[in-house]
Structures are given as C-alpha cells and as structure tokens.
S.K.: 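Have a look at the structure that comes next, please.
Because the structure is predicted, anything quoted here is derived from the model rather than measured.
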Amino acid sequence: MFYTILDFPKGSIFLAKSGKGLSSAEFMKSRRDLGRVTKFFRERDIPLVEDRVKFQLEERLFRQYFEGREVDFKALSLDRLTGTAFQRKVWLETRKIPYGKTETYKSLARRLHHRGYRSIGQALSRNPLLIVIPCHRVLSSDGGLGGFSAGLELKKYLLDLERGKA
DNA sequence: TACATAAGAATAG
DNA sequence: CTATTCTTATGTA
C-alpha cells in the first residue's frame, strides 16, 4: 500500500492506494493527524510506503480542484477495502452527483428506495474517500448543511469552491 | 419561527 | 441488545 500527503488551503489530505486503485483520501487538519489515519493500516499489518510518484494523476486532479476548476474524479479507479454493502450503495450513488450540484439525504434515500434518512448520513460519514466521493454535496432537505465528519467549515469551503465563490 | 420528540435504518460496541 | 448517527416529520407554543 502506498501513500502520499497533499496540502491544500485548509489542511492536508492523506491518500492511500493499492495496485488496484485509490482506497483512502482522508482529511487532516495538520500532519499530526497522520497517526490517526494510518491506524487502520497499522492494525491490519498492512505496510505503508510513501511514494509520491504513484499519485501523479491524483495530485494533478486535486490541485486543479482546489484551484476552483471543475474536476471529474470518476476517472480515478478505486479500491474500496472498507464498507458494508449498504455503505457502498450509498457511496456509489453519491459519486454520481455532478460537480457543483447538490442532493439531499432525502433524495438519496428515495433513489435507494430507502427511508432511513439517518442511515444515509451515517454511511456518508464513513466515507473513506473525501472529495472523490463528494459527500459534501449532500445537504439537509431544508437547505442546511447537515453534518460533516471532517468539520463543517471544510464542507462549506468545498461547496463555496464549487460555486466559484472561494 | 423555535424547540422537543418520535420514527426510521444501519452499524459499532 | 443498546447507543449512536452528516435526518425528517410532526406537534406545541
């Protein structure tokens, strides 16, 4: 498993990938959070090797994204090693939300023929691929932001970015 | 409008 | 089984 760290205006983002594709993209307020995000791998005795070269494509996409340009992360291949069947369904659906558009927990639920609105949010909160799976584009049905595991400020920042307001 | 409460589905402990 | 969660709908003032 390889990893690298990207910096952006609000903090850093930890990327990990296997030979198959990207498996994790976690937000870090600072590099001191590295211990937290690597815990998952250490617990499973999965060796982590820093290797920037393997992330050329990702680096470019993220850089463009933070410049405020429209980026389609669907080009990336993913290797999801966490998540239940339900969570994967939610993430897949979330991934279809196009740049700059937003959905609500409710509309997602309807698309999945599902009424457990909170479960949707819960599944999103376990999203291991921040930004690549745009969980920040999912809002409350009253227009509010809803929650965000990496911090609401970040959610707001990402939304502003996509609205061309950052 | 604002706040409390119930209903609802899935998951972690 | 219980508690918790990135929700929503309803009731009450």
S.K.: Rounded to the nearest Å, what distance is computed from the CD1 atom of residue A/Ile120 to the P atom of nucleotide C/dC6?
M.R.: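 Taking atom P of C/dC6 as the reference, CD1 of A/Ile120 is at 14 Å.
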
S.K.: Examine distances only and state if a side-chain atom of A/Thr104 and a backbone atom of A/Ser107 form a donor-acceptor pair shorter than 3.5 Å.
M.R.: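 Looks like yes, one N/O pair under 3.5 Å.
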
S.K.: For A/Phe2, does the six-membered ring have the charged nitrogen or CZ of A/Lys54 within the cation-pi criterion, i.e. under 6.0 angstrom from the centroid and within 45° of the normal?
M.R.: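 Checked: cation-pi criterion met.
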
S.K.: With a 4.0 Å heavy-atom cut-off, tell me which residues in residues 110-117 of chain A come close to DNA chain B, sorted by residue number.
M.R.: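 The answer is A/His114, A/Arg115, A/Gly116.
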
S.K.: Would you mind reporting whether A/Phe62 and A/Val132 have side-chain heavy atoms less than 4.5 Å apart?
M.R.: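 In short, these two side chains touch, coming nearer than 4.5 Å.
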
S.K.: Could you state the atom-to-atom distance from CD of A/Gln122 to P of B/dT11 in whole Å?
M.R.: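 Rounded to whole Å, this separation is 8 Å.
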
S.K.: Is any side-chain heavy atom of A/Glu26 less than 4.5 Å from a side-chain heavy atom of A/Leu130?
M.R.: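 With C-beta onward as the side chain, the pair stays apart.
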
S.K.: Could you tell me how far apart A/Leu152 (CG) and C/dC6 (P) are, to the nearest whole angstrom?
M.R.: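 Taking CG of A/Leu152 and P of C/dC6, I get 10 Å after rounding.
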
S.K.: Hey, which sits more toward the 5' end of DNA chain C by its nearest nucleotide, A/Lys155 or A/Lys106?
M.R.: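 Upstream on the strand: A/Lys155.
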
S.K.: Within the sub-3.5 Å range, which N or O atoms of nucleotides 11-13 of chain C have a protein N or O partner, and how far apart are they?
M.R.:
none

S.K.: In whole angstrom, what separates A/Tyr105's OH from C/dT5's C1'?
M.R.: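 Nearest whole value for this atom pair: 11 Å.
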
S.K.: May I ask you to list the residues of residues 82-93 of chain A, by number, that have any heavy atom positioned under 4.0 Å from an atom of DNA chain C?
M.R.: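 Result for residues 82-93 of chain A: none.
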
S.K.: Decide, yes or no, whether a salt bridge links A/Glu43 with A/Lys39 under the criterion of side-chain N to carboxylate O below 4.0 Å.
M.R.: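 Salt bridge: yes.
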
S.K.: Can you tell me which stems DNA chain B forms, taking runs of 3 or more consecutive Watson-Crick or G-U pairs with both distances under 3.5 Å?
M.R.: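 Runs of three or more consecutive pairs: B:1-7 with C:7-13, B:9-13 with C:1-5.
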
S.K.: May I ask you to establish whether A/Arg44 and A/Phe40 are in a cation-pi arrangement, using a distance under 6.0 Å from NZ or CZ to the six-membered ring centre and at most 45° from the ring axis?
M.R.: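 So A/Arg44 does make the cation-pi contact.
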
S.K.: Can you find a heavy atom in the side chain of A/Leu124 that is under 4.5 Å from one in the side chain of A/Trp91?
M.R.: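 In short, these two side chains touch, coming nearer than 4.5 Å.
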
S.K.: Does any non-hydrogen side-chain atom of A/Leu76 lie less than 4.5 Å from one of A/Phe73?
M.R.: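 Yes; the side chains approach each other to less than 4.5 Å.
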
S.K.: For A/Tyr3, which residues count as a ring-ring contact (aromatic ring centres under 6.0 Å, His included) partner, sequence neighbours excluded?
M.R.: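 Result, ring-ring contact (aromatic ring centres under 6.0 Å, His included) vs A/Tyr3: A/Phe14.
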
S.K.: Would you jot down, in residue-number order, the residues of residues 140-150 of chain A having a non-hydrogen atom under 4.0 Å from DNA chain C?
M.R.: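 Here the set is A/Ser140, A/Ser141, A/Gly147, A/Phe148, A/Ser149.
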
S.K.: Taking the six-membered ring of A/Phe55, is the NZ or CZ of A/Lys17 close enough (under 6.0 Å from the centre) and on axis enough (within 45°)?
M.R.: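 Checked: cation-pi criterion met.
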
S.K.: Can we call the ring centroids of A/His114 and A/Phe86 under 6.0 Å apart?
M.R.: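 Close enough - the centres of the two rings lie under 6.0 Å apart.
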
S.K.: Taking atom P of C/dT7 as reference, at what distance in whole Å does atom CG of A/Leu139 sit?
M.R.: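 Nearest whole value for this atom pair: 12 Å.
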
S.K.: Record whether the side chain of A/Ser119 comes under 3.5 Å of the base of B/dA9 through a donor-acceptor pair of N or O atoms.
M.R.: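 When only heavy-atom distances are counted, A/Ser119 does reach the base of B/dA9 through a donor-acceptor pair under 3.5 Å.
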
S.K.: Please say which of A/Arg137, A/Arg110, A/Arg111 ends up in a salt bridge (Lys or Arg N to Asp or Glu O under 4.0 Å) with A/Glu93.
M.R.: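 When A/Arg137, A/Arg110, A/Arg111 are each tested with A/Glu93, the salt bridge (Lys or Arg N to Asp or Glu O under 4.0 Å) holds only for A/Arg111.
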
S.K.: Is there a continuous path of hydrophobic side-chain contacts, each under 4.5 Å between heavy atoms, that joins A/Leu22 to A/Leu34?
M.R.: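 Unlinked, A/Leu22 and A/Leu34 end up in two clusters.
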
S.K.: Taking the six-membered ring for Trp and the single ring otherwise, decide whether the centroids of A/Phe66 and A/Phe8 are under 6.0 Å apart.
M.R.: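 Yes, ring centres under 6.0 Å apart.
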
S.K.: Distance alone, cut at 3.5 Å: any donor-acceptor contact between the side chains of A/Glu162 and A/Tyr65?
M.R.: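 Checked: A/Glu162/A/Tyr65 side chains pair up, N/O donor to acceptor below 3.5 Å.
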
S.K.: Ignoring hydrogens and geometry, is there a side-chain-to-backbone donor-acceptor pair from A/Lys155 to A/Val138 under 3.5 Å?
M.R.: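 Yes: the side chain of A/Lys155 pairs with the backbone of A/Val138.
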
